[in-house]
Amino acid sequence: MPVIGAGGAGAGAVTPAPAGDPVPPTPPDGASAQVSSTHADPETNFVRVFGGLKRGGRFRLEERTTGALVFADATYDLREAEVPQHAEITIYSLFGDVKIIVPPGMTVRSTGAVIFGDDKIETTHTDTPGPTLTVHRVGAFGDLKVKSALPGEQLPKRWRWF
């Protein structure tokens, strides 16, 4: 792979790197290296034990998110998030609830097997269909609660929607 540098070849000259050299090209003198922030990892993983996960505000929900909860809850507020057209959240839980707030128009599907747990999904539909979120759950003693709300809408305390 060629390496750009001033080492004996003049400013901005390209010199070949030794075979198998993992060093990425360096920018010419006076230029700065930039890393693209638009490319993100398509999968995110998390584990919570006796704790919790709260995600809200502006963030990018990846295409695939996988998590494990043990005596922990996960809350996702997707009203201001950048959500791909088809996203999946897979949760393995033992004594853990999953709460998701979605913008109106988002389609939410739930699959999986949970012992002593409920799925409560209340979404509102709009004329223009939005992204689809599929929540896969495997576990025991935990609920899935999904509710539509507009960005900035005040939410009831303690999820007393259902």
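The first residue in the sequence is number 1, and the count goes up from there. Worth saying up front: this structure is predicted, and the values here are computed from it rather than measured.
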Under 4.0 Å between a side-chain nitrogen and a carboxylate oxygen: does that hold for Glu122 and Lys147? yes
Candidate pair Leu78 and Ile100, rule side-chain contact (heavy atoms from CB on, under 4.5 Å), full reasoning: CA-CA 7 Å; Leu78 302 179; Ile100 304 173; 3.9 Å; yes
Answer whether the closest heavy-atom distance between the side chains of Val102 and Val108 falls below 4.5 Å. yes
Atom CD of Glu88 and atom OG1 of Thr132: how far apart are they, to the nearest 0.5 Å? 10.5 Å
Report whether Leu94 and Phe116 are members of the same hydrophobic cluster (ILVMFWY, side-chain heavy atoms less than 4.5 Å apart, transitive linking). yes
Tell me whether the rings of Tyr76 and Phe59 are parallel (<30°), tilted (30 to 60°) or perpendicular (>60°). tilted
Close side-chain approach of Pro84 and Arg60, heavy atoms under 4.5 Å: yes
One should read off an interatomic distance between Phe50 CZ and Phe71 CZ, to the nearest 0.5 angstrom, of 5.0 Å
CZ/Arg58 to CZ/Arg79 distance, rounded to the nearest 0.5 angstrom? 13.0 Å
Measure across Gly51 and Ala72 and return the closest heavy-atom pair with its distance rounded to 0.1 Å. O-CB, 2.9 Å
Start with the C-alpha distance between Ile121 and Ser110, add both sets of side-chain angles, then the distance that settles side-chain contact (heavy atoms from CB on, under 4.5 Å), and finish with yes or no. CA-CA 9 Å; Ile121 300 174; Ser110 173; 3.9 Å; yes
Between Val114 and Gly142, what is the shortest heavy-atom contact and its length? CG1-O, 3.6 Å
Output for pair (Leu69 CG, Leu53 CG), nearest 0.5 Å, gives 7.5 Å
Without swapping roles, check the side chain of Arg137 against the backbone of Val98 for a donor-acceptor pair under 3.5 Å. no
Check whether more than 12 heavy atoms from other residues, nucleotides or ligands sit under 6.0 Å from atom OH of Tyr92, and answer yes or no. no
Would you find a donor on one side and an acceptor on the other, under 3.5 Å apart, between the side chain of Thr90 and the backbone of His136? no
Val83 with Phe46, same ILVMFWY side-chain cluster at under 4.5 Å: yes
So, do Leu144 and Lys120 sit near enough that their side-chain heavy atoms are less than 4.5 Å apart? no
Checking the side chain of Asp73 only, and the main-chain atoms of Asp97 only, is there a donor and an acceptor separated by less than 3.5 Å? yes
Treating Asp143 as the side-chain partner and Lys145 as the backbone partner, does any N or O pair qualify as donor plus acceptor under 3.5 Å? no
Answer yes if Phe141 and Ile91 sit in the same cluster of Ile, Leu, Val, Met, Phe, Trp and Tyr residues linked by side chain heavy atoms under 4.5 Å apart, and no otherwise. no
Point-to-point distance, once rounded to the nearest 0.5 Å, from CD1 of Ile89 to OG1 of Thr66: 9.5 Å
Quick one: CD1 on Ile101 to CG on Leu150, what's the gap to the nearest 0.5 Å? 12.0 Å
